[in-house]
Engineer: 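Take a look at the following structure, please.
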Amino acid sequence: MCCTGFALTLYGLERYAEGEYHLRRALTGRGKALGPSAPETIDTLARLAEAIGEQGRWIEAEALAREAFRLGQSGARSRPW
């Protein structure tokens, strides 16, 4: 998904609010296409948490990071490898 790469570029340029917008778009698209527990969706959620944290919105960032961790743990248990 193109939004993620562009969002990460903006993040690297410290343009966190713009990166957040594109990460949210990517998260919506990946959630619909791959499902909420797909590794790519969880990675995007974690990166969104980082971008929000960089803007000083700690409570929101922590909630998203915890959700990404929870989904990652659930997905890890369901994979056979």
Side-chain angles (χ1 to χ4, degrees):
M1 304 239 167
C2 66
C3 294
T4 304
F6 185 58
L8 295 178
T9 299
L10 292 168
Y11 185 89
L13 294 171
E14 298 182 1
R15 293 167 58 180
Y16 304 118
E18 292 173 83
E20 176 189 347
Y21 170 78
H22 291 285
L23 283 167
R24 287 188 185 278
R25 288 184 60 206
L27 183 62
T28 299
R30 285 185 168 176
K32 288 179 183 176
L34 305 172
S37 60
E40 296 86 351
T41 305
I42 296 168
D43 180 65
T44 303
L45 181 59
R47 291 180 184 277
L48 176 61
E50 288 179 46
I52 289 171
E54 288 290 347
Q55 295 174 70
R57 294 165 30 213
W58 309 114
I59 294 171
E60 185 181 357
E62 181 181 7
L64 292 171
R66 287 181 183 273
E67 179 67 9
F69 181 78
R70 184 188 68 75
L71 289 168
Q73 291 297 311
S74 297
R77 285 193 293 272
S78 66
R79 289 193 219 39
W81 61 92

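Worth knowing before you read on, the calculation uses all heavy atoms, side chains too, and leaves out hydrogens, waters and symmetry mates.
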Engineer: Please report the shortest heavy-atom distance between Ala61 and Ala49, naming the atom on each side.
Structural biologist: CB-O, 3.3 Å
Engineer: So which pairs with a foot in residues 31-45 pass salt bridge (Lys or Arg N to Asp or Glu O under 4.0 Å), sequence neighbours left out?
Structural biologist: Asp43-Arg47
Engineer: Taking all non-hydrogen atoms of both residues, which atom of Ser37 and which atom of Ile42 are closest, and how far apart?
Structural biologist: O-CD1, 3.4 Å
Engineer: Applying salt bridge (Lys or Arg N to Asp or Glu O under 4.0 Å), name anything that partners Glu62, two or more places apart in sequence or on another chain.
Structural biologist: Arg66
Engineer: Residues in side-chain contact (heavy atoms from CB on, under 4.5 Å) with Ala46, at least two apart?
Structural biologist: Ala68
Engineer: Let me confirm one number: the OG1-CG distance from Thr44 to Leu64, rounded to the nearest 0.5 Å.
Structural biologist: 12.0 Å
Engineer: Enumerate the ring pair (Phe, Tyr, Trp, His ring centres under 6.0 Å) contacts for residues 23-70, please, sequence neighbours excluded, ordered by first and then second residue.
Structural biologist: none
Engineer: Which residues pass the side-chain hydrogen bond (donor to acceptor under 3.5 Å, both in side chains) test with Thr41, sequence neighbours left out?
Structural biologist: none
Engineer: Looking at residues at least two apart in the chain, or sitting in another chain, which of them share a side-chain contact (heavy atoms from CB on, under 4.5 Å) with Glu20?
Structural biologist: Arg24, Leu48, Ile52, Gln55, Arg57
Engineer: Report the residues that fulfil side-chain contact (heavy atoms from CB on, under 4.5 Å) with Leu13, sequence neighbours left out, ordered by chain and then residue number.
Structural biologist: Thr9, Arg15
